Amino acid sequence: MRSTRIAAAVAGAVILVGGLSACNNDGGKASGGGSSSTGGSDAGGKQDPAQNPVDALKAAQQATKGKKTAKIDASTTSTLLGKQLKQSTKGELDWSQGMRMNVENTMDVGGSSGKPSKPSKAIYAEDAVYMNLGAAMPGDGGKPWTKYPYSLLSKKLGGSGALLQEALQNADPSQPIELLAASGSAKAVGKEDVNGVQATHYTGTITPDQLRGKLGKDLGDMIRKQFEKSGAKSEQLDVWIDSNDLLVKKREKLGGKQPSDSTALYTGYGTKVDVAPPPASQTTTAPGA
């Protein structure tokens, strides 16, 4: 069913932006699992990431969250029903009032047509996602955009009506940093080049137990089921932070029977973005909404 495929694509884009940490709804109050020290400052007054990764990550979480807008270029590879699924998401983000996005999604299922699907445009608004698949579909009255309320898509994924909407309220780029800081496993790897920018690489491991108490019931159940279904016991989370304490790269790797590997690059923090829904004259509402 078309709406089920759309639901999977929508959920995939949310995970690309915020990862498992898109479900972290503790309001930015997660505490680091490691020690926080005031020592180890460099000549510029900043904490030495190697000595105090939790302090450095908390500073990056606050700086990234405060920018409110950014551009994203992300991709993920996963296994679905024995086939490799690739999805990419590229566009603009605005998390000033929950996460809103104006992105282009591409999906490629190995063994289907052998070719990636045509890019589809998607605008994630407050209560619905608007999809433009490149041409009006039969029954859409010639209108290029279709409105899919999150309540409809969540039900297609087997969750409550508020599932995706709740996730989007927490899917800003700062959430993976916060979760890594709270994991108790964060450590600094060193300086690396990310698209010509020098950034400090941090790595750590996330487990379902570390998510307990930080999730709403529906989201917590969904994440727990994802771990159980994949057979994975943990996820590797890596972030790269530039000299302005901003997230420039994120990578998440989940093992098990259904492994996935996603990478997101972030640029253009604080720039003006356009996330307004399409005009009503160009939009129809999906059946069953």
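Counting from 1, the numbers follow the sequence of the chain as shown. Just so it is clear, the model here is predicted, and its values are computed rather than measured. Note: hydrogens, waters and symmetry copies are ignored here, and every other heavy atom, side chains too, is used.
Looking at every heavy atom in both residues, Y130 comes nearest to P277 through CE1-CB, 3.7 Å. Nearest heavy atom pair, residue S183 against residue S185, reads OG-OG, 2.9 Å. Of all non-hydrogen atoms in L152 and A286, the two that sit nearest each other are CD2-CB, 4.0 Å.
Rounded to the nearest 0.5 Å, atoms OG (S174) and CD (Q62) are 9.5 Å apart. In this structure, CE on M101 lies 11.5 Å from CD1 on I123, to the nearest 0.5 angstrom. Note that CD1 of I241 and CD1 of I177 are 4.0 Å apart. Values are rounded to the nearest 0.5 Å. Distance CD/E252 to CG/L179: 8.5 Å, rounded to 0.5 Å. To the nearest 0.5 Å, atoms CG (L265) and NZ (K250) are separated by 10.5 Å. Annotation: the span from N105 atom CG to S88 atom OG amounts to 7.0 Å, rounded to 0.5 Å.
For the side chain to side chain donor-acceptor pair (under 3.5 Å) test with D172, the passing option among Q61, K67, K65 is K65; the others fail. A side-chain contact (heavy atoms from CB on, under 4.5 Å) with V239 holds for exactly one of V248, T200, L247; it is L247.
No more than 12 heavy atoms of other residues, nucleotides or ligands lie within 6.0 Å of CD in E126, so this atom counts as exposed by the packing criterion. Other residues, nucleotides and ligands contribute at most 12 non-hydrogen atoms within 6.0 Å of the NZ atom of K71. Atom NZ of K191 has more than 12 neighbouring heavy atoms from other residues, nucleotides or ligands inside a 6.0 Å radius.
Using a 4.5 Å cut-off on side-chain heavy atoms (C-beta onward), Q198 and D193 make contact. Counting heavy atoms from C-beta outward, M99 and P173 have side chains that approach closer than 4.5 Å. With a 4.5 Å cut-off on side-chain heavy atoms, M131 and Y148 count as touching. In this structure the side chain of T207 never reaches within 4.5 angstrom of the side chain of K233, judged on heavy atoms. Between Y266 and T64 there is no side-chain heavy-atom pair separated by less than 4.5 Å. A 4.5 Å side-chain heavy-atom check between K147 and D127 finds at least one atom pair inside the cut-off.
With sequence neighbours left out, W240 forms a ring-ring contact (aromatic ring centres under 6.0 Å, His included) with H201. In this structure A186 satisfies the side-chain contact (heavy atoms from CB on, under 4.5 Å) test together with L57, L180, sequence neighbours excluded.
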Worked verdict on K143 versus T283 for side chain to side chain contact (heavy atoms under 4.5 Å, CB included): CA-CA 6 Å; K143 299 178 180 180; T283 305; 5.5 Å; no
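Under the 3.5 Å distance criterion, the side-chain polar atoms of T69 are matched with a main-chain donor or acceptor of T271. Remark: the backbone N or O of A125 is paired with a side-chain donor or acceptor of Y150 at under 3.5 angstrom. Remark: the backbone N or O of G66 is not paired with any side-chain donor or acceptor of Y269 at under 3.5 angstrom. Under a 3.5 Å cut-off, the side chain of N244 and the backbone N or O of L246 do not form any donor-acceptor pair. Not one N or O on the side chain of S234 forms a donor-acceptor pair closer than 3.5 Å with the backbone of T205.
When only modelled atom types and interatomic distance are considered, S78 and T76 share no side-chain donor-acceptor pair under 3.5 Å.
Following chains of ILVMFWY side-chain contacts shorter than 4.5 Å, one cannot reach V273 starting from I72, and the two form parts of different hydrophobic clusters.
Residue pairs meeting the side chain to side chain donor-acceptor pair (under 3.5 Å) criterion with at least one member in residues 92-103, sequence neighbours excluded: D94-S96, D94-R100, S96-R100.
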